[in-house]
Amino acid sequence: MEYTLNIRGRLMSLSEPCVMGILNATPDSFYASSRMQTDEAVAARTRQIVAEGGSIIDVGACSTRPGSEPASASEEMERLRRALTVVRREAPEAVVSVDTFRPDVARMAVEELGADIINDVSEGSEEMFRMVARLRVPYILMSVQPDLRLTLLAFAEKVQRLRDMGQKDIILDPGFGFGKTLEQNYRLMAEMERLLVLELPLLVGISRKSMIWRLLDCTPADALNGTTMLNTIALQKGASILRVHDVGPAAECVKLWATLNS
């Protein structure tokens with residue numbers, strides 16, 4: 001299917017998969033090279049994502065790595081205010097998503113700072129559903145379910161609730177690395193194309209995650225090759241958005257995949 005997203009009245013086509021570049025305004029994300037804590041670092045990362053072919057800049061200000069202590073809501077908001085101000089200055093036309101699980105943070109990011117998409121890094125709460133429906137921005141719904149059957153059931157139920165609240169644009173994230181064993185992550189990826197029955201775009205975020213470096217007995221710093229391989233598989237199975245640290249290699253994957261499938 002040819003999906004589109006309504007970005008503040010402008011239609012963004014997903015007829016060809018796109019790349020979402022990660023910008024972490026945090027001191028403790030699991031991949032050290034992705035941490036951007038100064039205005040200069042945020043500006044440089046913004047320019048890099050755009051230059052390397054990223055269509056969406058995903059800004060996070062509260063780490064969700066296993067074992068981390070989440071930042072307070074006020075701290076998350078302050079980090080986002082600083083980072084999004086710089087992102088908008090450096091790339092005023094870029095599509096910007098905000099990676100958060102807090103409804104109040106989502107409201108602030110959209111109403112105060114002009115964020116275009118909310119990327120919810122939880123299973124989605126009733127309060128968050130009401131908030132995004134009110135804000136009228138695209139919403140990324142993630143699953144922490146361990147297998148395909150439960151993921152499908154959870155998505156179907158939550159998508160209906162969102163639709164009942166008036167939410168238009170919904171993107172589904174299978175949640176690789178969240179609530180799943182190593183084996184369950186790979187089984188879900190092997191069957192991921194079956195999620196397309198819900199007729200919604202899929203986002204895949206496996207960049208340098210432990211499902212890669214634990215299996216390959218390496219570190220996140222050494223997991224680019226594995227990431228690229230799995231991103232290619234994800235495209236073959238219907239992913240519309242690749243969420244990545246390494247934008248250039250992912251953009252090359254999309255270009256090669258699109259050429260082979262044209």
Side-chain angles (χ1 to χ4, degrees), residues 1-3 14-22 30-31 56 58 64-66 99 119-124 139-160 170-247 249-262:
M1 292 184 64
E2 290 197 6
Y3 304 109
L14 297 179
S15 57
E16 181 174 297
C18 71
V19 177
M20 171 188 281
I22 298 168
F30 79 91
Y31 178 43
I56 305 170
D58 189 48
T64 55
R65 66 178 175 83
D99 183 336
N119 181 11
D120 189 353
V121 290
S122 70
E123 283 192 282
Y139 175 62
I140 300 170
L141 172 66
M142 194 184 81
S143 171
V144 300
Q145 298 301 320
D147 59 40
L148 178 76
R149 185 183 71 85
L150 293 174
T151 299
L152 273 169
L153 288 171
F155 275 155
E157 188 266 332
K158 290 176 181 180
V159 166
Q160 187 58 55
I170 303 168
I171 302 156
L172 303 179
D173 177 357
F176 293 107
F178 290 86
K180 301 164 184 64
T181 65
L182 187 70
E183 294 76 15
Q184 287 168 339
N185 278 303
Y186 282 99
R187 173 49 51 195
L188 182 58
M189 178 160 282
E191 302 176 319
M192 191 183 75
E193 70 276 10
R194 293 173 62 185
L195 294 174
L196 296 172
V197 71
L198 297 172
E199 299 186 344
L200 291 170
L202 300 180
L203 177 148
V204 171
I206 46 83
S207 183
R208 297 182 183 268
K209 285 187 174 178
S210 63
M211 65 179 285
I212 299 170
W213 54 263
R214 290 189 189 279
L215 184 66
L216 299 179
D217 192 24
C218 62
T219 69
D222 301 316
L224 176 56
N225 188 57
T227 296
T228 301
M229 185 272 182
L230 290 185
N231 278 336
T232 303
I233 296 297
L235 292 171
Q236 292 173 336
K237 290 183 171 291
S240 291
I241 303 173
L242 300 178
R243 182 180 181 271
V244 299
H245 299 95
D246 308 279
V247 174
E252 290 178 352
C253 277
V254 170
K255 185 173 183 178
L256 292 167
W257 176 89
T259 300
L260 287 168
N261 289 275
S262 61

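As the structure is a prediction and not an experimental result, all values here were calculated from the model.
Looking only at distances, a side-chain donor or acceptor of Arg208 sits under 3.5 Å from a matching main-chain atom of Pro220.
Within the model, atoms CG of Leu14 and CG of Leu200 stand 11.5 Å from one another, a figure rounded to the nearest 0.5 Å. Here the CG atom belonging to Leu152 is positioned 5.5 Å from the CG atom belonging to Leu198, to the nearest 0.5 angstrom. Residue Leu195 holds its CG atom at 6.5 Å from OG1 of Thr151, rounded to the nearest 0.5 Å. One finds the CG atom of Leu235 at 11.0 Å from the CG atom of Leu230 (value rounded to the nearest 0.5 Å). Atom-to-atom distance recorded for Ser207:OG and Leu224:CG is 8.0 Å, nearest 0.5 angstrom.
Val144 approaches Met142 most closely through the heavy-atom pair CG1-CE, 3.8 Å. For the residue pair Leu188 and Asp147, the shortest heavy atom distance occurs at CD1-C, 4.3 Å. Closest heavy-atom contact between Gly226 and Leu216: CA-CD1, 4.3 Å. Taking each heavy atom of Phe155 and Leu141 in turn, the nearest pair found is CE2-O, 3.5 Å. Contact detail for Ala234 and Met192: the closest heavy-atom pair is O-CE, 3.7 Å.
The side chain to side chain donor-acceptor pair (under 3.5 Å) test applied to Asn119 returns Asp58, not counting sequence neighbours. The side-chain contact (heavy atoms from CB on, under 4.5 Å) search around Asn225 returns none, not counting sequence neighbours. Applying the side chain to side chain donor-acceptor pair (under 3.5 Å) criterion to Glu157, with sequence neighbours excluded, gives Arg161. The side-chain contact (heavy atoms from CB on, under 4.5 Å) test applied to Arg187 returns Ala190, Glu191, not counting sequence neighbours. For the side-chain contact (heavy atoms from CB on, under 4.5 Å) test, residues two or more places apart in sequence or in another chain that qualify with Ile233 are Met189, Met229, Gln236, Lys237. Take Gln160 and apply the side-chain contact (heavy atoms from CB on, under 4.5 Å) test, not counting sequence neighbours, and it matches Arg163, Asp164. Partners of Thr228 under the side chain to side chain donor-acceptor pair (under 3.5 Å) rule, at least two apart in sequence or in another chain, do not exist in this structure.
The list of salt bridge (charged side-chain N to carboxylate O under 4.0 Å, His left out) pairs with a residue in residues 214-229, not counting sequence neighbours, is empty.
Salt bridge Lys158/Asp120: absent, no basic N to carboxylate O contact under 4.0 Å.
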**OP:** Apply side chain to side chain contact (heavy atoms under 4.5 Å, CB included) to the pair Arg243 and Asp99, showing each step before the final yes or no.
**Re:** CA-CA 11 Å; Arg243 182 180 181 271; Asp99 183 336; 2.8 Å; yes
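Here the options are Val19, Ile140, Leu203, Leu202, the test is side-chain contact (heavy atoms from CB on, under 4.5 Å), and the partner is Ile241; only Leu203 passes.
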Which donor-acceptor pairs under 3.5 Å do the side chains of residues 251-261 make with protein atoms, sequence neighbours left out?
unit_1 : atom_1 : unit_2 : atom_2 : d
Thr259 : OG1    : Lys255 : O      : 2.9
Asn261 : ND2    : Trp257 : O      : 2.7

Could you pull out all donor-acceptor pairs under 3.5 Å where a side-chain atom in residues 171-186 meets a protein atom, sequence neighbours excluded?
unit_1 : atom_1 : unit_2 : atom_2 : d
Asp173 : OD1    : Gly175 : N      : 2.9
Lys180 : NZ     : Ser143 : O      : 3.3
Lys180 : NZ     : Gln145 : O      : 3.1
Lys180 : NZ     : Pro174 : O      : 3.1
Lys180 : NZ     : Gly175 : O      : 2.9
Lys180 : NZ     : Phe178 : O      : 2.8
Thr181 : OG1    : Gln184 : N      : 3.1
Thr181 : OG1    : Gln184 : OE1    : 3.4
Gln184 : OE1    : Thr181 : N      : 2.9
Asn185 : OD1    : Gly177 : N      : 2.8
Asn185 : ND2    : Thr181 : O      : 3.1
Tyr186 : OH     : Met211 : O      : 2.5

